[in-house]
Amino acid sequence: MKTNDILSEKQKLILELLNRNNIDKLKDFINSLETPLYFLNSTNFDLLTLALSLNCSFDIIKLIYNRCNYKTLNYVVKDIYHLYDMSNHKDETIVNYQNSLEVLMDSNNNVKSPLLVSLEFSDFQSVEFLINKGADMYFKINGKYILEILREENLLTMRKLNFLLKNGFSLKKFKIERLSNFEFKYIKKCLENFVFDTNFIKYLLNLYKNKSGISKRKFNHRVNNEINKIEIPMELYLKYLDRKDYKKVEYLYKYYGTEKTRSFKDFILFYLNYFDRNFNKKSFYDFFNFIINNENTFPFSKEYAINENETIIINKKLKLVELIKNNNNLKLETFLKNNNYILHCLYSSKSEILNLINEYNVSSDIVDILRKYFLI
């Protein structure tokens, strides 16, 4: 269906004027109308949303807002600007966005609000104007927050998030669980904005300015209260622990609270065991290697990590010797395959493997298997 098939004559005229971005002719047209301008609005034709999507000047945006007497900006319209030719739009991101709109229509039924459109098009002047006029950053469209929709459309940027945070967006109303599918940089930014926020910084500055003394106990209590403002959902820890992205797990750990250190340690060990899908201790070995090789704040000492990995190596050596001794071809092959990640730690030289072969008088099949994995 073409645009012209679904628009009235007056809607076609104002659409043409908005496309030209000519405020003087737009004013003349509005003054010539016998009915209020907002009479042109309908379920799928909204002048404010349309002007924002066509990249009209800020003066036109204000003119339409004032002349249409919007009682609220927290509404949705079945947007049809995907029917317009935007190939000449100056923003290449928007042109690419235009080209992918068929997919996006399926994800959100192409329902828009003025604030969403202004953010999609990075029109920050209009974003600020709309927020000041009452546009709600937490307004949901089809059950989703605007921030979630921007992420789904691949139009979320750090600049947009920073702008929203500057204008009052906070995890106080937007539950952190909803950020679980966001890139980590956005999770981190939201956390840093919410915890140890401006009020906490002012508190520290006042202490310094007034040269007020504070006990270590009282200061730690204040810090813990700040950390406890938010509870990181376990699925976030598990997401990065499973990916072996330990730096991100460590970052989230600082919001866990020092008084819960023991429970966090047990939590990590429990899920390392859960993620040991091949029952070969690789999840433990990789995590403890991170502890050993990196300065970190995890509640595990390097000595503890070294002992754990040494225990893993000793147990695997014993198992390997047992399989060689018993001439169990199938089990040996399976063992070596599942533990290929650590074989270099079991025996450091070919001569050690040859000594095992001679000591237990193994079959030629066992020799072939050992030659394959240890390159002897």
Side-chain angles (χ1 to χ4, degrees), residues 11 14-15 17-31 33 36-42 44-82 84 86 89-91 93-94 97-98 108 110-141 144-151 153 155-170 172-174 186 189-190 193 198:
Q11 286 174 330
I14 199 166
L15 172 58
L17 291 172
L18 291 175
N19 265 313
R20 292 180 182 178
N21 204 18
N22 189 317
I23 190 168
D24 292 327
K25 290 188 176 181
L26 179 61
K27 285 179 179 178
D28 291 339
F29 173 79
I30 293 172
N31 291 332
L33 293 174
L37 181 62
Y38 58 78
F39 275 37
L40 295 181
N41 286 339
S42 64
N44 60 1
F45 188 92
D46 176 67
L47 287 169
L48 182 58
T49 308
L50 184 58
L52 288 164
S53 66
L54 292 176
N55 201 35
C56 291
S57 69
F58 184 56
D59 288 335
I60 287 180
I61 301 298
K62 290 190 294 181
L63 174 66
I64 289 175
Y65 172 80
N66 291 326
R67 297 299 291 268
C68 282
N69 297 318
Y70 286 97
K71 291 182 173 59
T72 180
L73 290 171
N74 302 311
Y75 64 89
V76 294
V77 60
K78 185 77 174 181
D79 193 53
I80 59 170
Y81 74 81
H82 60 282
Y84 313 143
M86 297 176 66
H89 198 286
K90 63 184 179 182
D91 190 337
T93 303
I94 299 305
Y97 170 61
Q98 166 75 13
N108 202 48
N110 214 39
V111 176
K112 304 288 181 181
S113 73
L115 185 59
L116 173 58
V117 174
S118 61
L119 282 164
E120 285 174 337
F121 287 83
S122 302
D123 184 356
F124 295 105
Q125 189 177 24
S126 293
V127 172
E128 187 170 27
F129 174 78
L130 294 172
I131 291 173
N132 289 337
K133 294 297 182 181
D136 186 357
M137 291 178 283
Y138 305 99
F139 179 64
K140 287 184 180 180
I141 302 173
K144 300 173 187 174
Y145 289 102
I146 287 173
L147 203 65
E148 293 175 293
I149 296 171
L150 290 173
R151 185 199 68 82
E153 296 174 340
L155 290 175
L156 181 61
T157 64
M158 190 59 75
R159 186 183 177 192
K160 290 177 184 178
L161 178 59
N162 281 330
F163 195 89
L164 291 174
L165 292 171
K166 178 184 174 183
N167 282 276
F169 184 84
S170 167
K172 190 173 184 178
K173 291 185 179 180
F174 186 91
Y186 298 121
K189 188 66 182 179
C190 287
N193 179 263
T198 304

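Owing to the predicted nature of the structure, the values given are computational and were not obtained by experimental measurement.
- Between L15 and L54, some side-chain heavy-atom pair lies under the 4.5 Å cut-off.
- Annotation: salt bridge (Lys or Arg N to Asp or Glu O under 4.0 Å) contacts of D28 (sequence neighbours excluded): none.
- By the ring-ring contact (aromatic ring centres under 6.0 Å, His included) test, Y75 is found to be paired with Y70, residues two or more places apart in sequence or in another chain being considered.
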Step-by-step side chain to side chain contact (heavy atoms under 4.5 Å, CB included) determination, Y65 to L73: CA-CA 9 Å; Y65 172 80; L73 290 171; 3.8 Å; yes
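- The minimum heavy-atom distance linking V117 with S53 is given by the pair CG1-N, 3.6 Å.
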Side chain to side chain contact (heavy atoms under 4.5 Å, CB included) between L156 and Y186: does it pass, once the steps are laid out? CA-CA 9 Å; L156 181 61; Y186 298 121; 3.9 Å; yes
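- For S126, the side chain to side chain donor-acceptor pair (under 3.5 Å) criterion is met by D123, not counting sequence neighbours.
- Using a 4.5 Å heavy-atom cutoff, the side chains of N162 and T157 are not in contact.
- Between the CG atom in L115 and the CG atom in L48 there is a gap of 10.5 Å [rounded to 0.5 Å].
- Of the inter-residue distances, the one linking L63 atom CG with L47 atom CG reads 10.0 Å to the nearest 0.5 angstrom.
- In this structure, N74 contributes its side chain and D136 its backbone to a donor-acceptor pair below 3.5 Å.
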As a quick check of understanding, evaluate side chain to side chain contact (heavy atoms under 4.5 Å, CB included) for N21 and L26, giving each step before the final call. CA-CA 8 Å; N21 204 18; L26 179 61; over 6 Å; no
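- In this structure, CG on L119 lies 5.5 Å from CG on L164, to the nearest 0.5 angstrom.
- Listed by first and then second residue, the salt bridge (Lys or Arg N to Asp or Glu O under 4.0 Å) pairs involving residues 49-60 are D59-K62 (not counting sequence neighbours).
- Taking NZ of K112 as the start and CD1 of I141 as the end, the distance is 8.0 Å to the nearest 0.5 Å.
- K140 meets the salt bridge (Lys or Arg N to Asp or Glu O under 4.0 Å) test with no other residue; sequence neighbours excluded.
- Residues I30 and K27 form no side-chain contact, since every pair of their non-hydrogen atoms from C-beta on lies 4.5 Å or further apart.
- Put simply, CZ on F174 and CG on L147 are 5.0 Å apart, with the number rounded to the nearest 0.5 Å.
- Between C68 and N41, some side-chain heavy-atom pair lies under the 4.5 Å cut-off.
- Taking N193 as the reference, nothing meets the side chain to side chain donor-acceptor pair (under 3.5 Å) condition, with sequence neighbours excluded.
- Every residue meeting the ring-ring contact (aromatic ring centres under 6.0 Å, His included) condition with F58, not counting sequence neighbours, appears here in chain and number order: F129.
- No salt bridge links K160 with E153; every basic N to acidic carboxylate O contact stays at or beyond 4.0 Å.
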Applying side chain to side chain contact (heavy atoms under 4.5 Å, CB included), run through R67 and Y38 and close with a yes or a no. CA-CA 7 Å; R67 297 299 291 268; Y38 58 78; over 6 Å; no
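- For Y138, the ring-ring contact (aromatic ring centres under 6.0 Å, His included) partners two or more places apart in sequence, or in a different chain, are F169.
- The minimum heavy-atom distance between P114 and L52, with the atom names listed, is O-CD1, 3.4 Å.
- Between the OG atom of S113 and the CG atom of L130 there is a distance of 8.5 Å, given to the nearest 0.5 Å.
- For F29, the side-chain contact (heavy atoms from CB on, under 4.5 Å) test picks out K10, L13, I14, L17, S32, L33, L40, with sequence neighbours left out.
- Scored by the side-chain contact (heavy atoms from CB on, under 4.5 Å) test, N22 finds R20, D24, K25 as partners (sequence neighbours excluded).
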